[in-house]
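Structure first, commentary second.
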Amino acid sequence: MSRHVIVTGANRGIGRAIAEAFVAQGDTVSTIYRGGDLPEGVDGAIADVTDTDAVNAAFDQLEERHGRVRVLVANAGVTKDGLLMRMSDEDFERVVDVNLTGTFRCVRRAVNSMLRERFGRIVLVGSVVGLMGNPGQVNYSSSKAALVGMARSITREVGARGITANVIAPGFITTAMTAELPEATVKQYEATIPAKRFGAVEEVAAAATYLGSDAAGYVSGAVLPVDGGLGMGH
Ligand SMILES: NC(=O)c1ccc[n+]([C@@H]2O[C@H](COP(=O)([O-])OP(=O)(O)OC[C@H]3O[C@@H](n4cnc5c(N)ncnc54)[C@H](OP(=O)(O)O)[C@@H]3O)[C@@H](O)[C@H]2O)c1
């Protein structure tokens with residue numbers, strides 16, 4: 001049976017690859033996104049994840065068209081890097097509002113449907129830097145670390161109702177987000193990654209389809225690294 005999968009931010013990058021992977025395996029896939037073109041076979045509703053009413057309205061629209069959501073991949077995220085001493089409240093709060101509170105808004109609405117279905121797969125896109133830290137990313141790493149607590153609290157709250165919640169922790173993946181890095185920084189990062197390369201979006205998508213699968217029903221509260229070994233032991 002085709003399941004309704006919602007991926008936030010499927011217009012580009014990792015979210016796009018995740019949406020495509022769910023489409024390829026026969027799921028009904030939709031996205032909550034801010035604009036841009038969508039992959040073949042992916043329906044969309046416009047919302048900014050920082051706007052609770054817009055998120056709820058987008059879920060309503062998509063569920064009316066495709067049935068209750070069974071899999072949520074909370075992928076939308078931003079960076080606004082800067083050294084701690086120079087980071088403004090606005091730059092800290094903006095990143096937390098999108099990456100953490102935005103994820104919370106989507107999860108809260110999705111769980112409402114999943115409880116009725118007595119089935120749900122929640123996949124949160126975290127980051128290796130949420131576990132290891134990174135200079136210049138106090139805002140970003142804080143927002144991503146918090147997703148681990150979120151997944152584990154959801155697991156304890158609704159784990160008995162057929163709902164799982166897990167975090168994927170990608171390392172450095174080739175997308176627009178990492179394209180902003182200076183070449184010297186890329187070389188420096190590559191040297192520290194045991195796989196000696198950045199990852200591909202399809203490699204993150206493979207982890208998302210696994211954690212979103214019916215077969216992953218006994219995996220919850222886990223953090224699955226997709227980082228070429230960068231974060232081992234964290
Ligand atoms: N690339 C990496 O190396 C890497 C590593 C670890 C974790 N991650 C995480 O993976 C996820 C995807 O990253 P990416 O590399 O694919 O980045 P990306 O290419 O910059 O894509 C980010 C996506 O999030 C959406 N988004 C941002 N703010 C939003 C908002 N307020 N409301 C709704 N959607 C919003 C963007 O929409 P617009 O197109 O409208 O901006 C876009 O679809 C993020 O959570 C990121 O933190 C990435």
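First listed ligand is number 1; within each ligand, the first listed atom is number 1.
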Could you tell me whether a side-chain N or O of Ser127 sits under 3.5 Å from a main-chain N or O of Val129, the two making a donor and an acceptor?
-> yes
Show me the donor-acceptor pairs within less than 3.5 Å that the side chains of residues 34-49 make with the rest of the protein, sequence neighbours left out.
{"residue": "Asp37", "atom": "OD2", "partner": "Arg16", "partner atom": "NH2", "Å": "3.4"}
{"residue": "Asp43", "atom": "OD1", "partner": "Arg65", "partner atom": "NH2", "Å": "3.3"}
{"residue": "Asp43", "atom": "OD2", "partner": "Arg65", "partner atom": "NE", "Å": "2.7"}
{"residue": "Asp43", "atom": "OD2", "partner": "Arg65", "partner atom": "NH2", "Å": "3.1"}
{"residue": "Asp43", "atom": "OD2", "partner": "His66", "partner atom": "NE2", "Å": "2.7"}
{"residue": "Asp48", "atom": "OD1", "partner": "Thr50", "partner atom": "N", "Å": "3.0"}
{"residue": "Asp48", "atom": "OD1", "partner": "Thr50", "partner atom": "OG1", "Å": "2.7"}

Should the pair Arg68-Glu117 be classified as a salt bridge under the 4.0 Å nitrogen-to-oxygen rule?
-> yes
Near ligand 1 (heavy atom, under 4.0 angstrom), the protein residues are Gly9, Asn11, Arg12, Gly13, Ile14, Arg34, Ala47, Asp48, Val49, Asn75, Ala76, Gly77, Val78, Arg94, Val98, Val125, Gly126, Ser127, Tyr140, Lys144, Pro170, Gly171, Phe172, Ile173, Thr175, Ala176, Met177, Thr178
Between Arg152 and Glu157, is there a salt bridge with N-O shorter than 4.0 Å?
-> no
Assign the ring pair Phe198 / Tyr189 to parallel, tilted or perpendicular, where the plane angle (0 to 90°) is split at 30° and 60°.
-> tilted
Taken to the nearest 0.5 Å, the spacing of Leu84 CG from Phe92 CZ works out to 9.5 Å
